[in-house]
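Comments concern the structure below.
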Amino acid sequence: MERIQDGIQALRDLPELVEEAACWFGEKWGISEHAYRESMDRCVRQKSGIPQWYVLQNQKKQTIAGAGVIDNDFHDQKDLTPNLCALFVEPEYRGRGIAKRLLAFIRRDLSRLGFSKVYLVTDHTEFYEACGWNFFTMAMGEDGLPIRLYEAFAETEK
């Protein structure tokens with residue numbers, strides 16, 4: 001089994017990865033890579049606010065996991081911000097704790113950036129609860145369907 005380093009990277013520090021990351025996220029989620037690129041370019045320009053994007057690459061420099069933090073992840077609770085979005089781990093790398101490490105890294109990074117909480121909408125309740133997220137309220141998705149909204153406190157360095 002390939003060893004994965006803890007090299008989670010914030011895209012704000014690696015503008016050269018934006019194009020590759022935008023294509024990767026677009027492919028994984030079936031959303032225009034242009035939308036991802038626009039958000040990632042804003043992340044690189046402003047450095048400290050929202051949006052933020054994160055990737056993890058394997059030893060061959062292929063993206064194997066990633067996630068973003070945006071203002072709102074397509075739900076009606078616009079005041080609950082920022083929102084974790086687009087968390088994805090390549091299937092062959094699942095079951096190694098990568099998603100959990102990525103979530104913890106993002107929460108620590110958001111704390112350094114001055115955010116005290118982060119939210120997400122999901123139906124993967126057991127996974128996120130095991131990672132320290134708490135059910136907060138029901139939200140209405142842009143598709144008109146109810147979805148569970150979770151919150152987590154940004155973590156401080158340990």
Side-chain angles (χ1 to χ4, degrees), residues 1-75 81-113 115 117-134 141 147-158:
M1 184 178 346
E2 179 185 3
R3 186 177 161 274
I4 302 299
Q5 300 172 340
D6 282 340
I8 299 167
Q9 302 172 81
L11 282 185
R12 66 178 176 267
D13 300 326
L14 298 161
E16 66 275 12
L17 289 182
V18 165
E19 185 64 30
E20 177 187 330
C23 292
W24 185 82
F25 278 101
E27 176 186 307
K28 301 309 164 195
W29 292 105
I31 295 174
S32 161
E33 65 187 58
H34 173 73
Y36 285 111
R37 189 179 310 104
E38 188 176 281
S39 180
M40 291 171 185
D41 283 342
R42 203 163 87 233
C43 167
V44 168
R45 282 192 314 273
Q46 69 185 17
K47 302 277 187 203
S48 63
I50 301 300
Q52 291 295 323
W53 290 91
Y54 306 88
V55 295
L56 176 62
Q57 295 183 317
N58 64 14
Q59 293 171 333
K60 297 175 185 173
K61 300 292 183 191
Q62 300 164 317
T63 300
I64 61 163
V69 179
I70 59 177
D71 286 322
N72 181 278
D73 196 18
F74 310 109
H75 60 77
T81 189
N83 286 217
L84 181 91
C85 70
L87 175 66
F88 191 89
V89 176
E90 292 287 356
E92 62 268 29
Y93 290 93
R94 292 179 185 167
R96 301 186 196 185
I98 291 172
K100 190 172 187 173
R101 285 195 337 253
L102 185 58
L103 289 168
F105 180 93
I106 291 169
R107 288 170 63 188
R108 285 190 305 274
D109 192 51
L110 289 175
S111 178
R112 285 190 295 270
L113 294 174
F115 295 93
K117 285 187 183 180
V118 60
Y119 300 90
L120 68 85
V121 289
T122 188
D123 54 3
H124 297 287
T125 57
E126 290 180 26
F127 169 74
Y128 286 103
E129 288 171 5
C131 292
W133 293 73
N134 299 302
I147 191 159
R148 295 174 66 85
L149 193 139
Y150 280 72
E151 71 175 351
F153 288 95
E155 294 181 352
T156 56
E157 292 292 329
K158 294 178 181 176

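Because the structure is predicted, anything quoted here is derived from the model rather than measured.
- Taken from CG in Leu17 to CD in Gln57, the straight-line distance is 5.0 Å, to the nearest 0.5 Å.
- The shortest side-chain heavy-atom distance between Phe153 and Asn134 does not fall under the 4.5 Å cut-off.
- The closest side-chain heavy-atom distance from Ile31 to Tyr36 is below 4.5 Å.
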Inset, instruction - Under the side-chain contact (heavy atoms from CB on, under 4.5 Å) rule, what do Val69 and Tyr54 come out as? Steps first, then yes or no, please. - result: CA-CA 9 Å; Val69 179; Tyr54 306 88; 4.1 Å; yes
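- For the pair Val118 and Ile106, the minimum side-chain heavy-atom distance is 4.5 Å or more.
- Taking the ring centre of Phe88 as origin, the terminal cationic atom of Arg94 falls inside the region bounded by 6.0 Å and 45° from the ring axis.
- Every residue meeting the side-chain hydrogen bond (donor to acceptor under 3.5 Å, both in side chains) condition with Trp24, not counting sequence neighbours, appears here in chain and number order: Glu90.
- Between the side chains of Asp73 and Tyr119, not a single donor N or O lies within less than 3.5 Å of an accepting N or O.
- Ile70 and Asn72 get closest at one heavy-atom pair: CD1-O, 3.2 Å.
- Listed here is the closest heavy atom pair of Lys60 and Asn58: N-OD1, 2.9 Å.
- Note that the CD atom of Glu38 and the OG atom of Ser32 stand 9.0 Å from one another [nearest 0.5 Å].
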Inset, instruction - Show the numbers, then the answer: is there a side-chain contact (heavy atoms from CB on, under 4.5 Å) between Val55 and Ile8? - result: CA-CA 6 Å; Val55 295; Ile8 299 167; over 6 Å; no
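- Taking OG from Ser111 and NZ from Lys117, the interatomic distance works out to 14.0 Å, rounded to the nearest 0.5 Å.
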Inset, instruction - Kindly indicate, with the supporting measurements, whether the criterion side-chain contact (heavy atoms from CB on, under 4.5 Å) is fulfilled by Leu120 and Trp133. - result: CA-CA 9 Å; Leu120 68 85; Trp133 293 73; 3.4 Å; yes
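- Residue Glu16 qualifies as enclosed at atom CD: its count of foreign heavy atoms under 6.0 Å is above 12.
- Rounding to the nearest 0.5 angstrom, the gap separating the OG1 atom in Thr63 from the NZ atom in Lys28 is 9.5 Å.
- Annotation for Glu20 and Lys61: closest pair OE2-O, 3.7 Å, computed over non-hydrogen atoms.
- Counting all heavy atoms, side chain and backbone alike, Pro15 lies closest to Arg12 at CD-O, 4.5 Å.
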Inset, instruction - List the steps and the verdict of side-chain contact (heavy atoms from CB on, under 4.5 Å) for Asp41 and Val18. - result: CA-CA 7 Å; Asp41 283 342; Val18 165; 3.4 Å; yes
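- For Tyr150, the side-chain hydrogen bond (donor to acceptor under 3.5 Å, both in side chains) partners two or more places apart in sequence, or in a different chain, are Glu129, Arg148.
- Counting heavy atoms from C-beta outward, Phe74 and Ile147 have side chains that stay 4.5 Å or more apart.
- Rounded to the nearest 0.5 angstrom, Thr81 OG1 and Ile50 CD1 are separated by 6.5 Å.
- Considering every non-hydrogen atom in both Cys85 and Trp53, the closest pair reads SG-CH2, 3.8 Å.
- Between Cys43 and Pro51 the shortest heavy-atom distance is CB-O, 3.3 Å.
- Counting non-hydrogen atoms of other residues, nucleotides and ligands closer than 6.0 Å to NZ of Lys100 gives a total of 12 or fewer.
- Expressed to the nearest 0.5 Å, how far CG of Leu87 lies from OG1 of Thr122 amounts to 9.0 Å.
- Annotation: side chain of Leu56 is not in contact with side chain of Gln9 (no heavy-atom distance under 4.5 Å).
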